[in-house]
Each structure stands twice: as C-alpha cells, then as structure tokens.
Novice: 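Mind looking over this structure? Questions follow.
Quick caveat: nothing in here was measured; it's all calculated off a predicted structure.
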Amino acid sequence: MKHLQQACRAGQLPDIALHFAGLLYRLDPNADESVLLAGALAGERVISGEVCIDLVRLASSTVFDSDDAPGMSTPDLDVWQQALKSSPLISDGTATAPLVITPDGRLYLYRYFELERRLAELIVQRTQICDVSIDSTQLEAALEALFADDATSADQRNAATLAVRNRFTVVSGGPGTGKTATVVRILALLSRLELVAPERMLLCAPTGKAAARLREALADTLPAVTPGDTLPADAVTAHRLLGWRPGKKPRYHAMRPLNCDLLVLDEASMVDLALMVSILEALPAHARLILLGDRDQLASVEAGAVLGDICRAADSGPLADTLAPLTHNWRFGAQSPIAALASAVREARVTDALTLLNDPASAQVSLQVAQEDAALDGLLAEQVTPVYAEVARLVREGAEAKAVFEKLGSLMVLCAHRTGRRGVTDLNRRLSAQLGTGGALSPGLPAYPGQPLMVTRNDAALGLFNGDIGVVMPDADSPGRLQAVFIDTAGDEHAVSLGRLPEHETAYAMTVHKSQGSQARQVVLVLPTQLSPVLSRELIYTGITRAEQSLAIWAAHEVLAGAIGRSAQRATGLADRLQGRSASGP
C-alpha cells in the first residue's frame, strides 16, 4: 500500500482508486501486493472510462511513474494471473467478489463485469427476435414512395429496410449524413406498413441538450420529408424516459417495461454502459430499438464505449445485419476540405491531414502554431475576441436576443482539457481579460451584459439542462438588473433571473466533449502545448466535425500528429462478447 499512497500523493492515482485498494487490503490483510495494485488500476481506469484492464498489455511494465514518486513495476503475466486467480478477492464471475478475472486476461470491477455481461445478453436476445411477417411487394412500394431511387439515398434506404426487418438496428454516420432525415422516413415507413403506430413510438437522447436538438431537428425535418404523416415530434432525455429517481430504482425497468413498440435513441455514442443496460432492460421484448450516432466520435464521459463496441462487433459476425452506415454527406460537397480532413483524421492518415491543414490555398481549414502564451493571446485578439466583443455590443445597444444568439452561435472555441494551460478555464480567463481591456465588458463583475453562460446542472423545473448556453442581458422590466436569456428549440426567448440559475460557468470556450451534437459556422480547436492522455484522433475528429464552414486548429504539428496517430479506444470486452469470441465468464 505504501507505493500506492506515494502514487496518490504524486497525483498519479485518484483518491477513490487508492480507497478501493485499501478496501481490498482490509478485506484480506494477506493479499499480495500485485492484487492490490491490480485493484487500484481497475479503479483508476473506470474513472477514465475504461470498463476493465487488459493484463496482457499491462504486465511487465511500469505504472504510476512520475518525478515525485517512483514507478511501480507490474509482475510477469503468468505470475500476476496466478496471484489474482488464487486470491479470495477475485472470482471468475460465477460468484460475487470485488474483482472478476476472465480467461482472456481482463480484470473487472464486479459491477462493470455484470453490466457488460448483461448488456451483451440483452442485445443478443433482441437480435434473435424475428417474428414479423412482411409483404415484400408492400415494403418495396413504401420504400419507393419515401426514398429517391438514386445512389445518394441507397444507404438511407438500406437503414430503413433493416429497421423494418430487425428489432435492433444501428444507424451510424457523421454530421451531415442525414441521420435525422433517415429516422423520420423510418418512422413513416413503419407507420405506413402498420408495424408500429405513431402513438407507440418514443424518442430520447442522453442529455437535455441532445434531446432539445433532436426535437428541433424533427420539427425542421418532418414537414419537409413526410408532410402527410402524423409522427411523434417530441424527444426527452433517457433519464426522464426511464423515470430516473436519485437513490431509487427507475420507474421503468425489466419488471415494468416502457409502453412502446419502438424506441429511437439519438447521440448513442454519448451513452455509457450502465445507462444502456437500463434502457434495454426497460424496453419490451417485442419492441424495436434504433440507435443513432457517429461511431467515430468520442465515447461517453462515463465508463464504456458502447456504440463503438456494437459497431465493431457488427462489422462482421452475428450482428452484421444490424448496422446501417450512412456515407453520403449532404452538408459538405465532395471537395469540402472539412470533410476531407475529418476523413483523414478518422483513418489516422497523419500526413494527409497535415497537408490539408497547411495548404495555403484552403480558406476553410488551417493549422496555426501558438506554443507561447503571447502567440495564443495574439490569435485570440485577432480571431476570437472581436466576435465576443460584437456580442457584448449588441447586448449593450438593446439588440433582440435572436440577433445576439446568431452572432454568438457563429463561433465555437473548443479545448481538449477543462483545466490547465490551453484548457477551458484558461481560455475563458484570457478572453474575459481581453474583452475587459477593450472596454466591451465591465471587469470584475460576477456577471455582465454579453457574458455567455453554460448551464452545468440540469434543472427540469426551469427547463434548463447541462450544456445549455445563455447570454447575460439587461432585464427590460427591471432597469439596472441583469438576467440570463436562453432561446428554446421553438426559437422563443426564455429569461431566468441570475439568482435562480442552476450551476453555470462562463462559456467563451468549452470542451470538445460538451460540444458533441452542436455545430457552428466557424470552429477554433485549441490543443495543449504537449501531448496529453486526453488527446486522440476521436477527440480531433469530433472537434473538426463541429465546423460548418471553417475550422482553425491551434497546435504544434507534433502535438496534432501525435493525437491523430493514437486512438482513444477503451479496454472493454463487449465487442468480443457480441461476436461470441469471448470466454469471459458466464
């Protein structure tokens, strides 16, 4: 334990992982040091999103190495596995124990082993249900009516066919590939074939912000795509759908399933392992489930990489007929530098990505090196601060909220990190200082006209959700007082007094994670000065695909190249379980 305590003091091991190792020691004071080390590693990796640790990769290596604490050496694989298998703290999954080891060398916290096993079981069960008789002539006629007979709609048509024939379908595609239009046509198709009545359809997303965007997209898409069909246009959060109650069992679960025949889950890449299990357990056995998302985006903040694992399993094997990839991009033209850059990053073509970014003829994408603070401040002053100064000017001059939000939404500044140099907190501080110096704001005030705010905690009573963006504006009914103004999905203003706001923060910049599902005409992606564990091609891809018209990446070449060259793929066993390759427990 002494070495683990040193690692914790040096910031290499989270407190909670150390406490878990301490619990293991109290349960078995004779536990081998390698068992305690494995427990600490399993606890630490769950915090960073891993579901398990891969002993094969970690064996005979050094962990928790830093200038302030000596690193710890992990044992040889055979020795380590033998110590773990002989420990009463560890089982093979057939009995309850703090840790579970599998024959293929994965070590889990028991909770995550059970969640992963249960999710694989639920998905496989749903893919095996196929008891619907469909008239092929009627199906083809309905498809012809809803989909144009050309190559650009072939992927969407295939997705609709799979959704008719399957109880479990995954529709994956990047921004601009028409996921919302596809699912609207799927709903219309199922309704016209009398397979699912509109009132028996439910739609949800993992966050309040994502659910609001889905409602907005449906409102825009339904009249244009299926004007004669009556289809559901509402979407709620997954937690609200399940009747989530803190500290209690959800209102809907396996013994009290949802009252539906179809569930659409949007932004599925953001859904973690535990939430996906709850959703599938609450879904009636006969109901269809359609997952919408982008398999190449960042995974959920919590543990798991569920959508990515499902898609990898569906690339071949038993789930191959459940995946419908959308490849035609309706937003970007074939020659779009943004689309080409996203493709190069997704495929880890580092040289191609850097060539595109360094092309002086391209006005849409650029790479600018700003390693020194003075260079960063110069870029902010030139490219970012003027936009936010204009927002503040519009507010001061009494412009309508829609005009203010139009200007604010023209730019999105993204960071890889929340804290530290080049993180969200750092950039918000720098921009606030520049705006104050330029006279756009009143420095030193806790809130000021034109200040963008991001809500960081849901407040259903106020209709505000984590990730919602508002702007501080004068209260016309109370001269001298300020309020936060938001614009809902219907385009209506929603004002909240500053005293009633849930937890929030200044939002000149935000993390790439927080930006998922959003777009802006211009995006600035700011990376740290050195390669960090957070950087990956998935993070860069997610940042790139927020841009509609132009993208600027501020980073050193070697930092960007290093990020594109490595994947954030998490250690899990779900894909193997779904493909039937895993021998990892019952």
Novice: Of all the heavy-atom pairs spanning Leu341 and Leu357, show the shortest one and how long it is.
Specialist: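 Nearest heavy atoms, Leu341 then Leu357: CD2-CD2, 3.7 Å.
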
Novice: Between Asp294 and Arg346, is there a salt bridge with N-O shorter than 4.0 Å?
Specialist: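 Answer for the salt bridge query: no.
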
Novice: Do Glu406 and Arg521 sit within salt-bridge range, that is, some charged N less than 4.0 Å from a carboxylate O?
Specialist: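 Salt bridge: yes.
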
Novice: Determine, for Tyr541 and Arg349, whether the Lys NZ or Arg CZ falls below 6.0 Å from the six-membered ring centre while staying within 45 degrees of the axis.
Specialist: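 Checked: cation-pi criterion not met.
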
Novice: Walk me through whether Leu231 and Leu218 qualify under side chain to side chain contact (heavy atoms under 4.5 Å, CB included).
Specialist: CA-CA 10 Å; Leu231 298 173; Leu218 289 169; over 6 Å; no

Novice: Using the rule side-chain contact (heavy atoms from CB on, under 4.5 Å), only one of Val413, Thr542, Ile553 pairs with Leu525; which is it?
Specialist: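 Passing option: Ile553.
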
Novice: For the pair Glu144 and Arg157, evaluate salt bridge (charged side-chain N to carboxylate O under 4.0 Å, His left out) and give the outcome as yes or no after the intermediate values.
Specialist: CA-CA 9 Å; Glu144 287 295 327; Arg157 184 179 178 126; 3.0 Å; yes

Novice: So which atom in Asp309 and which in Thr572 form the shortest heavy-atom distance, rounded to 0.1 Å?
Specialist: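 Heavy-atom minimum between the residues: OD2-OG1, 2.7 Å.
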
Novice: Taking the side chain as everything from C-beta on, heavy atoms only, tell me whether Asn259 gets closer than 4.5 Å to Arg200.
Specialist: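 In contact.
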
Novice: Please report the C-alpha distance between Leu291 and Val271 in whole Å, then the side-chain angles of each, then the deciding distance to 0.1 Å, and finally whether the side chain to side chain contact (heavy atoms under 4.5 Å, CB included) criterion is met.
Specialist: CA-CA 10 Å; Leu291 304 182; Val271 179; over 6 Å; no

Novice: Does Leu408 reach the side chain of Tyr388, with side-chain heavy atoms less than 4.5 Å apart?
Specialist: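 The answer is yes; the side chains approach within 4.5 Å.
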
Novice: Within the 4.5 Å heavy-atom criterion, are Arg312 and Arg295 side-chain neighbours or not?
Specialist: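 Answer yes - side chains close enough.
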
Novice: Minimum heavy-atom separation for Pro284 and Cys260, please, with both atom names.
Specialist: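 It is CG-O, 3.6 Å.
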
Novice: Tell me whether Lys514 is salt-bridged to Glu505, with the criterion being a basic N under 4.0 Å from an acidic carboxylate O.
Specialist: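 So Lys514 does not pair with Glu505 through a salt bridge.
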
Novice: What is the ring orientation for Phe486 with His494, classed by angle as parallel under 30°, tilted 30 to 60°, or perpendicular over 60°?
Specialist: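 Tilted.
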
